[in-house]
Undergrad: 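Quick one: structure below, then a few questions.
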Amino acid sequence: MKIAIGNDHAAVELKKVIAAYVEELGHEVENYGTDTNESCNYPEYGEKVARAVVEGKADCGILICGTGVGISIAANKVKGIRAAVCSDTATARLVKQHNNANILAFGERIVGVELAKDMVKAYLEAEFMGGRHADRIQMIADIENRQ
Ligand code: RB5
């Protein structure tokens, strides 16, 4: 798969580790994040990855900031994005299986490297279950379409 990855200054180190790990898992990575520790604004990177996903330039995305929260809130403003902040492996798997999350988000200041890798593997290997879950995702899209 093609994975878009993005981050702000709070997550440069973890981004590098995760990008290399995603490649190790056999995927292609497109880096939309910052690579310096200079203070920057996470909404820009959330939007870049979100647009890459909705425009079909990537199959899904990974976003990392200090907590994973700000960058995912920004990404979720892009129509069609379901970005899920996770800090455990079971949730990272379930957000794909049940919510068909198209972006996994987490925080460098919140999760350790090994947990982050486990979450990424679980998320990338999981498959959307469809059925009743698809109906609920359609309901989310309907909310978006009523804006
Ligand atoms: C940056 O200091 C920090 O606010 C950001 O990385 C993120 O945690 C916001 O949600």
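Order of appearance sets the numbers: ligands from 1, and atoms from 1 within every ligand.
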Undergrad: Does ligand 1 come near enough to Gly70 that some N or O of the ligand is less than 3.5 Å from an N or O of the residue?
TA: yes
Undergrad: Salt-bridged, Glu144 to Lys79, with N to O below 4.0 Å?
TA: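 Between Lys79 and Glu144 there is no salt bridge, as every charged N stays at least 4.0 Å from the carboxylate O atoms.
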Undergrad: Please write down residue, atom name and distance for the protein heavy atom closest to atom 2 (O) of ligand 1.
TA: Arg109 NH1, 3.4 Å
Undergrad: Find all atoms of ligand 1 within a distance of less than 4.0 Å from any non-hydrogen atom belonging to Asp8, and give their numbers and elements.
TA: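 Checking each atom against Asp8, I get 1 (C), 5 (C), 6 (O).
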Undergrad: If you measure from the Lys or Arg side-chain nitrogens to the Asp or Glu carboxylate oxygens, is any gap between Lys16 and Asp35 under 4.0 Å?
TA: no
Undergrad: Answer yes or no: is there an ion pair linking Glu125 with Lys121, defined by an N-O contact shorter than 4.0 Å?
TA: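 Salt bridge: yes.
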Undergrad: Would you mind listing which atoms of ligand 1 come within a distance below 4.0 Å of any non-hydrogen atom of His9?
TA: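 That gives atoms 1 (C), 2 (O) of ligand 1.
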Undergrad: Under 3.5 Å, which donor-acceptor pairs link side chains of residues 97-112 to any protein atom two or more places apart or in another chain?
TA:
residue : atom : partner : partner atom : Å
Asn102  : OD1  : Arg82   : N            : 2.7
Asn102  : ND2  : Gly80   : O            : 2.8
Glu108  : OE1  : Leu14   : N            : 3.1

Undergrad: Kindly identify the option in Ile73, Ile71, Thr67, Val69 whose heavy atom sits closest to atom 8 (O) of ligand 1.
TA: Thr67
Undergrad: Under 4.0 Å from any heavy atom of Ala10, which atoms of ligand 1 are there?
TA: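 Reading through ligand 1 atom by atom, the close ones are 6 (O).
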Undergrad: Give the residue and atom name of whichever protein heavy atom lies nearest to atom 9 (C) of ligand 1, and the separation in Å to one decimal.
TA: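 Ranked first by proximity to atom 9 (C) of ligand 1 is Tyr42 CE2, 3.5 Å.
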Undergrad: Taking non-hydrogen atoms only, is Cys65 closer than 4.0 angstrom to ligand 1 via side chain, backbone, both or neither?
TA: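 Contact part for Cys65 vs ligand 1: both backbone and side chain.
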Undergrad: Closest heavy-atom contact between Ala90 and Asp88?
TA: N-OD1, 3.2 Å
Undergrad: In Å, rounded to the nearest 0.5 Å, how long is the span from CD1 of Ile5 to CG of Leu63?
TA: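 That separation rounds to 8.5 Å.
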Undergrad: Can you tell whether the side chains of Arg51 and Glu47 come within less than 4.0 Å, N to carboxylate O?
TA: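 A salt bridge links Arg51 with Glu47.
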Undergrad: Using a 4.0 Å cut-off to any heavy atom of Gly66, which atoms of ligand 1 qualify?
TA: 5 (C), 6 (O), 7 (C), 8 (O)
